[in-house]
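Each chain gets a letter, A, B and so on, in the order the sequences are listed, and its residues count up from 1. Computed from a prediction, not measured in an experiment: that's the story for all the values here.
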Protein chains: 2
Amino acid sequence: MKQIERPRKLPRQQRAQATVEAILDAAARILSGDGYAAMSTNRVAELAGVSVGSLYQYFPNKDALITALHERHGREIHEMLDVALTATAGGSLREIITALVQASLHGHLLDPQLHRVLEAELPFFDPPKSESDDHLGVHARIRSVLEAHREQIGPQDLDLATYMLITTVQALVHAAVIDPPAAPLSTAQIEAATIEMVLGYLGAGVPSTSVRTPTRDRHHARL
Amino acid sequence: MKQIERPRKLPRQQRAQATVEAILDAAARILSGDGYAAMSTNRVAELAGVSVGSLYQYFPNKDALITALHERHGREIHEMLDVALTATAGGSLREIITALVQASLHGHLLDPQLHRVLEAELPFFDPPKSESDDHLGVHARIRSVLEAHREQIGPQDLDLATYMLITTVQALVHAAVIDPPAAPLSTAQIEAATIEMVLGYLGAGVPSTSVRTPTRDRHHARL
DNA sequence: ATTGAACGTGAGTGATAGCTCGTATTATAG
DNA sequence: CTATAATACGAGCTATCACTCACGTTCAAT
């Protein structure tokens with residue numbers, strides 16, 4: 001796993017940019033179709049309609065291809081979450097959570113096969129800014145959403161609650177997309193249940209709008 | 001990915017059994033230490049103190065090694081869940097869920113590195129009976145637990161609820177073990193929060209022990 | 001003690017795949 | 001138009017690795 005020396009050379013002319021795009025598209029096609037093991041640089045170059053040499057002008061090694069694909073994919077989902085958060089700003093907790101879950105799910109359903117390989121088979125490429133850290137902007141925004149609805153939610157450690165929310169949604173969406181469960185369970189059901197799951201967690205120990213109950217102590221003791 | 005022709009030959013003598021164990025241990029060490037890419041059959045044999053030939057007498061190919069490791073790992077966790085379920089049989093929902101989460105977490109913490117590679121980097125080996133299906137016994141038992149506590153829980157589609165419970169616990173434990181979150185969040189906190197998450201979901205829409213409220217309709221509509 | 005099966009060995013083979021480099025082509029600058 | 005840089009090419013080098021096989025060793029049974 002060595003993807004330092006990022007882009008070996010930046011494409012300056014438009015045809016070079018097209019070459020890079022073609023390479024990335026080909027890599028994505030092969031990856032989502034036949035998996036990582038079947039993805040050789042020669043094959044990528046061939047499918048892209050360029051030569052291996054061209055490939056290595058823009059990507060220092062094979063792993064850099066995966067990294068680039070990862071970044072592109074991360075950006076897409078990040079943007080969908082961003083849109084969802086912006087669209088529901090000021091709305092109710094339920095509205096915001098619903099939008100988040102749906103955005104996440106739809107983002108992952110854009111290209112489930114590619115997502116599957118990228119996130120399930122090769123999650124360890126380019127550790128620095130991938131996924132968890134990539135959501136930093138989103139993370140902060142979700143935290144402030146929870147802060148705004150503080151009186152309605154049970155967990156008072158907002159960092160923990162934010163982490164749980166993001167992790168749970170991501171994990172459940174991931175699971176639903178990666179290995180769809182047995183027949184009778186639909187994606188729509190899981191989507192709805194995920195929303196209830198998160199809302200159930202956030203609402204735990206909050207009797208509608210009354211006083212805070214002393215059920216709090218059974219929650220995560222601070223270090 | 002070809003791991004048909006399961007064990008090429010079964011170890012009949014005790015020294016052969018020891019050889020197989022040594023090979024599996026070596027494979028686990030290399031896998032958890034340096035990852036799949038660094039695991040060559042020659043290196044495994046060397047670390048195990050046997051020759052490559054011996055390795056290929058019991059494992060038809062490299063992938064069979066991974067599969068065997070997967071199965072071993074799956075059995076371990078499965079047994080811990082089994083113990084937890086048996087020990088808390090007849091207890092309250094909270095007790096059972098707590099035991100399940102703890103068992104799952106502790107099972108994954110036995111060898112986080114190995115688990116990381118096995119479940120995060122190579123989850124696609126031996127699809128037939130791994131993980132999801134492997135939990136079938138546990139799945140049924142958890143479903144019956146939910147059935148026994150039916151009056152206390154909100155979700156009435158027990159298949160869905162069981163799926164959500166298992167998936168959520170697994171995913172959150174997984175996340176906590178695989179990429180431990182930022183500094184201020186401890187494993188213990190996540191463990192507790194996971195319990196609350198699941199209980200929050202199960203308890204959603206259930207006002208302690210009174211009549212069923214008509215809040216039900218916002219739940220996942222049946223197909 | 002003998003024999004045959006189980007077990008173990010490790011140099012070698014074949015194939016694959018990542019990557020280089022000398023060369024050819026195309027674009028931009030002056 | 002010329003010069004120089006950018007882009008593109010692709011045969012081939014090199015290294016690695018999964019896997020084989022012909023041969024030696026140890027066990028268990030008769």
B:Met39 CE to D:dA18 P, straight-line distance once rounded to whole Å: 8 Å
Within 6.0 angstrom of B:Glu76 CD, more than 12 heavy atoms from elsewhere: yes
For atom CG of B:Leu55 and atom P of D:dA18, their distance in whole Å: 10 Å
CD/B:Glu21: more than 12 non-hydrogen atoms of other groups inside 6.0 Å: yes
Neighbour count >12 (heavy atoms, 6.0 Å) for atom CZ, A:Arg143: yes
Below 4.0 Å: OP1/OP2 of C:dC19 and any side-chain N or O of A:Thr41: no
Any A:Arg12 side-chain nitrogen or oxygen under 4.0 Å from OP1 or OP2 of D:dA6: yes
For B:Asp34, the option from B:Met39, B:Arg43, B:Arg29 that meets side-chain contact (heavy atoms from CB on, under 4.5 Å): B:Arg43
Sugar-phosphate, base or nothing in reach of A:Ser40, heavy atoms under 4.0 Å: sugar-phosphate
Nearest-neighbour nucleotide for the A:Asn42 side chain, C:dA27, C:dG18, D:dC9 considered: C:dG18
A:Tyr56, nearest nucleotide to its side chain (from D:dA8, C:dC7, C:dC19): C:dC19
side-chain N/O A:Ser54 vs D:dC9 OP1/OP2, d < 4.0 Å: yes
Separation of atom CZ in A:Arg15 from atom P in D:dA5, rounded to whole Å: 16 Å
Nearest-nucleotide pick for A:Gln57, side chain only, options being D:dA8, C:dG8, C:dT28: D:dA8
Sugar-phosphate, base or nothing in reach of A:Arg43, heavy atoms under 4.0 Å: nothing
Donor-acceptor pair between A:His108 and A:His174 side chains, under 3.5 angstrom: no
Nearest-Å distance for atom pair CZ/P, residues A:Phe59 and C:dC19: 13 Å
Rounded distance (Å) that lies between atom C1' of C:dA6 and atom CD of B:Gln14: 11 Å
Proximity to the side chain of B:Val52 - top-ranked nucleotide from D:dT20, D:dA6, C:dT9: D:dT20
5'-most by nearest nucleotide on DNA chain C - B:Pro11 or B:Gly53: B:Pro11
Whole-Å distance separating the CD atom of A:Glu46 from the P atom of D:dA8: 18 Å
A:Lys62 NZ to C:dC19 C1', straight-line distance once rounded to whole Å: 12 Å
Interatomic distance where OH belongs to B:Tyr58 and P belongs to D:dC19 [whole Å]: 18 Å
Side-chain heavy-atom pair B:Arg141, B:Asp82 within 4.5 angstrom cut-off: yes
Nucleotide of C:dC19, C:dG8, D:dA28 approaching A:Asn61 most closely (side-chain heavy atoms): C:dC19
Phosphate OP1/OP2 of C:dT9: any B:Ser51 side-chain N/O under 4.0 Å: yes
B:Gln13, nearest nucleotide to its side chain (from D:dA8, D:dA28, D:dA18): D:dA28
Phosphate contact (C:dC7 OP1 or OP2) by B:Thr19 side-chain N/O below 4.0 Å: no
